[in-house]
2 protein chains.
Amino acid sequence: MNTQPKWTPYVSRCPTRFVLDRVADKWTVLILGLLARQKMRFNALLRQIEGLSQKVLSQTLKSMERDGLVTRTAYSTVPVTVEYAITPLGTTLARSLVDVIAWAEENIHAVLSAQKAYDRAREQADAMPDPARRARGGR
Amino acid sequence: MNTQPKWTPYVSRCPTRFVLDRVADKWTVLILGLLARQKMRFNALLRQIEGLSQKVLSQTLKSMERDGLVTRTAYSTVPVTVEYAITPLGTTLARSLVDVIAWAEENIHAVLSAQKAYDRAREQADAMPDPARRARGGR
DNA sequence: CAGAATCCATCGCGATACTG
DNA sequence: CAGTATCGCGATGGATTCTG
């Protein structure tokens, strides 16, 4: 029933790891990015992020709230309205992520072509007869 | 047998997501951090990163190599020696991650105390009788 | 040493249904 | 609307064994 991992042996020793465990997550980064621009309701987030299920969104938001990255505010309208907003802490994290986002956009082509090259090389190696392969440092 | 996900609907449309899928991973960040300082052998990495299994290390390194973040060099010694080194591309990514690492170290206490506060509030809410809870915006 | 292969437990996650 | 609860499966990852 608890969202936090049951056993994390290194937590006490390495802050980076601890924070990475929570932050190095695709959805967290994506949600943070959206909330950094404006506060949003649950279903709005759900619609914005393609491929994210309602279950996972709910989980992720809960743990982000627990970590102090976002706030959850419920208005007693009918039906209920819930707004998620980024906190100052979350904002600083979002800021520290801009470089990574920028890297992603700048280097996606480099990554894609690296993948192509890798796959091509591997195909060749597979087609190559064993002795020839052993002659190099192959496989 | 392939390391890449079978179905990723948004790949073609959002570079950030595509890269995030590969990079927003604890182990990748950790390995990249180590290799940014010096080239290392397989078992050296394995020993440095507590909690990382040999299987996962091998998987992660393979996909990092495919993405062009690291290189793998095998020397035909006995027994075999394999060195992993960061690429220029990997180096730029590592650089873009320093802010996040810094954020983690600076804000771990903030996160931890946010968690404590959250847990405390939640305990109280659970102990609170229903009517009183409904009076506020509780859950 | 640096893995690959096999087996197996668990668990994350999607789909579905239900609720205040 | 904004979730929670339940079910069921496939992917993930650990432990172990084997190899060039």
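Given the structure is predicted, the values throughout are model-derived calculations rather than measurements. Letters A, B, ... mirror the listed sequences (proteins, then strands); counts begin at 1.
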Minimum heavy-atom distance Q54(A)-F42(A), with the two atoms named: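 Minimum heavy-atom separation between Q54(A) and F42(A): O-CZ, 3.7 Å.
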Using atom [atom1] of [X] as one end and atom [atom2] of [N] as the other, report the distance to the nearest whole Å.
| X | N | atom1 | atom2 | answer |
| --- | --- | --- | --- | --- |
| L52(A) | dC13(C) | CG | C1' | 11 Å |
| L45(B) | dA2(C) | CG | C1' | 12 Å |
| M40(A) | dA2(D) | CE | C1' | 15 Å |
| L46(B) | dA2(C) | CG | P | 10 Å |
| F42(A) | dG20(C) | CZ | C1' | 15 Å |
| R47(B) | dC1(C) | CZ | C1' | 10 Å |
| K26(B) | dG12(C) | NZ | P | 12 Å |
| K62(A) | dA2(D) | NZ | P | 15 Å |

Ignoring hydrogens and geometry beyond distance, is a side-chain donor-acceptor pair present between E105(A) and T16(B) at under 3.5 Å?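 There is such a pair (donor and acceptor under 3.5 Å, judged by atom type) between the side chains of E105(A) and T16(B).
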Can a side chain N or O of [X] be found less than 4.0 Å away from OP1 or OP2 on [N]?
| X | N | result |
| --- | --- | --- |
| Y84(B) | dG3(C) | yes |
| T77(A) | dC1(D) | no |
| R41(A) | dC1(D) | no |
| R72(A) | dA2(D) | no |
| K55(B) | dA5(C) | no |

With nearest nucleotide decided by heavy atoms, which residue, V80(A) or S53(B), maps closer to the 5′ end of DNA chain D?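 Here V80(A) is the residue nearer the 5' end.
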Can you find a heavy atom in the side chain of L34(B) that is under 4.5 Å from one in the side chain of L30(B)?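 Counting from C-beta outward, L34(B) and L30(B) never come under 4.5 Å.
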Side-chain contact test, heavy atoms from C-beta onward, threshold under 4.5 Å: evaluate it for L69(A) versus E65(A) and give yes or no.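 Result no, sub-4.5 Å side-chain heavy-atom pair not found.
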Ion pair present between R66(A) and D119(B), side-chain N to carboxylate O less than 4.0 angstrom?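 Between D119(B) and R66(A) there is a salt bridge, with a charged N closer than 4.0 Å to a carboxylate O.
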Between the base of dG3(D) and the side chain of Q54(A), is there a donor-acceptor distance below 3.5 Å?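 Such a pair exists between side chain and base.
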Please tell me which of the listed nucleotides, dG13(D), dA4(C), dT4(D), lies nearest to the side chain of Q59(B)?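 Nearest to the side chain of Q59(B) among the choices is dG13(D).
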